[in-house]
Structures are given as structure tokens and as C-alpha cells.
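A short worksheet on the structure shown next.
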Amino acid sequence: MTAVEGAVTVRVSDAHVYYRVYEDPMAGLKQLFSHGRTRRRYRTIRALRGVSLELHESETLGLIGANGSGKTTLLSAMTGLLPLESGSIRGRSRPSLLGVSSALRPALSGRRNILIGGLALGFTRAEIESRADEIIDFSGLRDAIDRPMRTYSSGMRARLHFAIATARIPDILLIDEALSVGDEEFRRRSAQRIREIRAAAGSVVLVTHIMSEIERHCDRVAWLDDGVLRAVGEPSEVVADYLASASPR
Amino acid sequence: MSDRDQRLYDLTQPPSSVAYLREAWRRREFAILVPAQDLRAQNMGTALGQLWHLVNPALLVGVYFLIFGVVIDTSRGVENFLGFLIVGVVLFHLTQRVVLDAAVCISRNLGLIRSVQFPRILLPAATLNGQTAAFVPALVLAMAAVVATGERPSARWLVLPAVLAAQFMFNFGAALLVARIGASVPDLRQLLPHMFRLLFYASGVIFSVEAFVTSPAWRRAFALNPLYDVITCARWCLVGEPAGMSVVVGLLAWCVAMPVFGFAVFRRSEQRLGG
């Protein structure tokens, strides 16, 4: 095993997540209204097939794997967004997925979007108003904050998203390919946020395809392959194995 | 398992209905302030801007005024037909807009559903609040129009808030039901406009059921229609049309049964929403 010895913050035990794709939407409707078992008329996609993993205090875990290997599914399951087929996921607090971009409204100003994004994350209006200045400073968008968000560049947008999403320093933060956008200044700020979480004895899970980010931030790396963990361990070793398997032989 | 694990709790267990509603209530500002921002965003870039929230219902009432008040006369059996018509049209449109919008409130927010854990009931609730807020100018215009057609405010007007509250509760239940079904069966979106066209005629919006429907069996059937109940009670308040006991009982039953049924359906396999 690795050198990480902090207390466990999240324990994923033999987690299975299956998606049901209904071939006939009527079957989905029937299932909604009937109490007994309905005839199964769906395809099952086994997105996670028995994943076991522990997160520890003050740890950043990298999660790598090909597209469709189950990385996003694992993050969603950890936040409780997806029901498990079997197994369990236990944690000391509910992990939060970094992402409010979908709640935001491009037609509205950055300032109004801070309100909307904050509400979506479960803040009250009063809490958001008391933090608005801090969020604006962290995003570095003070001059543009009253402009409609659609006038922002994609990097500015990413900075605003990140600033809103991390307005409350969560105990356990899950990041799904968010850091690769934005400029060097933004990367520096987000690395700072990750350090703050770790300093508060929290955990971070970072999903990315950029191996330099893994090396920069992560203490351990987990490699998901077709819903199964192929390896967990030292970043340099796991990344090397992953790259060796991914490159043409 | 070590002793440290005792502090870990199950993250995949859905909350009980009580805990669920408590969390939804704690986050109620989401269902109020977000639709308010959306209403603001809606008319951005138009020449009239926020004025559209007033102009739109005025045009709605204006069209009916032109056709039924000026061009043709279908007022058989109604003393103040124009007032009668406007009350019906405005209230019918409110429920229609809430329900049509609720049918897409889940699919429109899939990204949010997939990234943030929150009680999904907030999405149909936001739809309801947004459409209801957008309806207030129409209601004010309708009441002004009713006065312009010769009605004078009476004690009966005091009952109107209760009728509107009952409609609000019915709309809430209908929004929950339609939001959940619409998320699983998108076909509903195609079907709903036709259902509302049928309901439009079955609610006596543009004619008096009392005067045109003679069969007692059919009249009883009308009383089962929640929108007919709402509109008939509101007309009793504003333009002095008769409202039978069956309509009042029907409205009371709908405004209780619909939210309960809608909530039960919505909560069923809610975890699968967006999956």
C-alpha cells in the first residue's frame, strides 16, 4: 500500500452501478405506476462492476481511465446522485461535485449568476450576499461581473464556475475535468483551493486526462478500466502503466 | 472495519419524505429567486424588455375582447359575457403554462441534476412559482377589465384569494405529476397541447356550460374537471355567475388530492431522474 495514513473519509465497498436503457419508453412509464415487478425490457449497462476504494484525510486522489471507463459514474455515485446496484458507499460527509455550470444563465450578469449558482449549491441568499465579494475576488472578474455571462471568454466562465462552486470549502471535493480550462493564474488559484481543502483535513478526487495535473496535485492515483479498478497506488507508477496500456503497441 | 468507521454514514440512501421536505424547505429560496431571475432573462434583448410581462397578458385579453366583445356575440345565457370570458381565459392559461413548462423542467435541468444533490421537487416548484408570478399582471388586468365591463367589487371578491390558492395547490400537484412523467416519457410533451385543447372546451372557457349543456350527466362530468371548478368559482366571485355545490366540493377535493398524488408519483424512483 501507499504512505497515506489519515483517517478514512469515504469508503467505497464493492460498488456496482448499472444503467438501464429502456428500449421501450412505455416500460418506464409502467414501472413508475405499478407496484409489482414489470417485465424487463431494457438493456443494462454495467458502468461500475465492483469498485472498492478508500479516501483519506488530507489526500488528493487522481482518477484516470479511458472515456467511458466509469470515472464520472464513480464521482456521481459518491455524491449519492446514482443508486447502487449493490455494495455501499459510506462517508463522513456528503462529497460535493465541482460543477454548477449547468445552473448558470448566459443571458444574466456574473453577479446574478453567483446568486443562482449559490442557491443551486444550497446556500441561502444571505449567505451568498455575504460571500459575493470574496467569490468575485477569487474569480478575478471584478471588472466584468456586471456584464452578461455570454460576453465572457470560456476561460472567464470557467473561473466564475470554479469560484462559485468552491465558495464553501467542502470537506470532500470531487473535480471532474475542471482544471484544464482557464489560464495559468486560474490554475494557480485552483491549486490553492485544493491545498486549503487538504489543510482542513479534507479529501479531493481529481478526474483528468492531463497527466501533468495528476503529477502536480495527487498523492495517489486510481486507474479505472471498463468499470473495474485496474490499479491504485503511486502516481508515477500507475500513470506509467496506464500510458503503456493506452499507447499503440 | 476499524473504530474510526463509525463516523461514516451511508451516502446512497435516499432520505425519508420528512427529511426530504425539510431539506426542500431549507432550500426554498432556490424555487423563488431562480425563476425570478429567469423571468428577467426571458425578455432581455427585446425592444419592450420587461414591459412584455404586462403587454403579453394585455394582448391575450385584447384578442378575446376583439373577437367576442366587438365582432361576434356568443353571450347566450351570460349577463356580463366579456367579464365571464376574460376570467376564464386568464385562469385557464395559468394552469396551462404551469403544466406545459413543468413537463420540460427536468430535461431542461439535466446538467444540474447530474452534478448537484438537491431535492428535485424544487424544479417543478420553481416552474410553478415563475409562471404564477408571471401571471400576476394578467390577473390585475383581468380584474380591471371586469370592472370596466360594469362589475363592482363586492364581498364575493374576498373569496377570490381562496379560489386562487386552491388553483395554486392543484397546479403544484399537476406540475409534480407532469414533471415526473415527462422526464420518463418525453412523448407527453406532444400530447399535452391536445389535452389542453380538449380541456379548454371542457372547462367552459368561452361558453356557459349552464346554458349550453342540458344533460345532467354531462353537467356532473364537467364538475369533475378541476379547471371548470376553478373557473366557475372565480366567476362566482368576480362576475356573479352561479356556482353549484358540486363545483365547490370538486375544487376542494382537487386542491388536496392532486398535490398528494403528484408528490407520491414524483418521489417514486426520483433517484433515477437524470440517470
Side-chain angles (χ1 to χ4, degrees), chain A residues 7-12 15 17 19-20 22 25-29 31-33 72 75-84 87-108 112-113 115-126 128 148 165 176, chain B residues 1-15 23 26-38 40-45 108-119 122-123 126 177 180-181 183-188 264-266 268-275:
Chain A
V8 173
T9 54
V10 175
R11 169 171 291 126
V12 181
V17 173
Y19 292 109
R20 301 214 157 83
Y22 287 95
M26 281 309 285
L29 183 66
Q31 200 197 26
L32 201 58
F33 283 99
T72 301
L75 295 194
S76 299
M78 286 169 73
T79 61
L81 289 167
L82 284 173
L84 296 184
S88 73
I89 299 181
R90 304 178 68 81
R92 71 174 182 190
S93 65
R94 187 174 291 285
S96 42
L97 194 60
L98 180 71
V100 283
S101 52
S102 43
L104 305 185
R105 311 292 203 257
L108 295 170
R112 290 184 186 278
N113 273 303
L115 174 67
I116 290 176
L119 289 167
L121 291 172
F123 287 106
T124 64
R125 193 218 304 242
I128 299 162
D176 195 353
Chain B
M1 289 258 166
S2 70
D3 50 343
R4 295 189 296 211
D5 291 350
Q6 286 166 356
R7 293 179 302 128
L8 303 186
Y9 70 95
D10 194 340
L11 296 172
T12 53
Q13 208 56 36
E23 177 67 6
R26 194 186 70 76
R27 288 168 168 258
R28 64 190 178 280
E29 281 178 322
F30 175 89
I32 296 164
L33 297 173
V34 173
Q37 298 297 331
D38 282 340
R40 161 181 284 277
Q42 215 171 55
N43 294 313
M44 276 186 175
R108 204 175 39 207
N109 289 293
L110 269 187
L112 188 60
I113 287 173
R114 285 179 181 153
S115 57
V116 186
Q117 178 68 280
F118 65 96
L122 290 171
L123 294 174
L177 182 67
R180 186 63 191 87
I181 298 175
S184 292
V185 192
D187 312 46
L188 185 69
V265 172
F266 191 82
R268 255 187 95 81
S269 64
E270 180 189 345
Q271 253 197 321
R272 293 251 173 230
L273 280 179

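All chains are named by letter (A, B, ...) in the order of the sequence lines, taking the proteins before the strands, and each is independently numbered beginning at 1.
For A:A15, no part lies near chain B; criterion is any non-hydrogen pair under 4.5 Å. Residue contact with chain B, scored on non-hydrogen atoms closer than 4.5 Å, is absent for A:T72. In this structure, no portion of A:L75 lies under 4.5 Å from any heavy atom of chain B.
When the candidates A:G80, A:S88, A:G91 are compared by the number of heavy-atom contacts under 4.5 Å with chain B, A:G91 comes out ahead. No other option in A:P106, A:G122, A:P148, A:A107 has as many heavy-atom pairs under 4.5 Å with chain B as A:G122.
The side-chain contact (heavy atoms from CB on, under 4.5 Å) test with A:I89 is passed by exactly one of A:V17, A:L82, A:T79, A:V10: A:V10.
Listed by chain and number, the residues in a ring-ring contact (aromatic ring centres under 6.0 Å, His included) with B:F30 are B:F118 (sequence neighbours excluded). Residues forming a side chain to side chain donor-acceptor pair (under 3.5 Å) with B:R28 (at least two apart in sequence, or on another chain): none.
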Kindly indicate, with the supporting measurements, whether the criterion side-chain contact (heavy atoms from CB on, under 4.5 Å) is fulfilled by A:R94 and B:Q117. CA-CA 9 Å; A:R94 187 174 291 285; B:Q117 178 68 280; 3.9 Å; yes

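With hydrogens and angles disregarded, a donor-acceptor distance shorter than 3.5 Å links the side chain of A:R105 to the backbone of A:A103.
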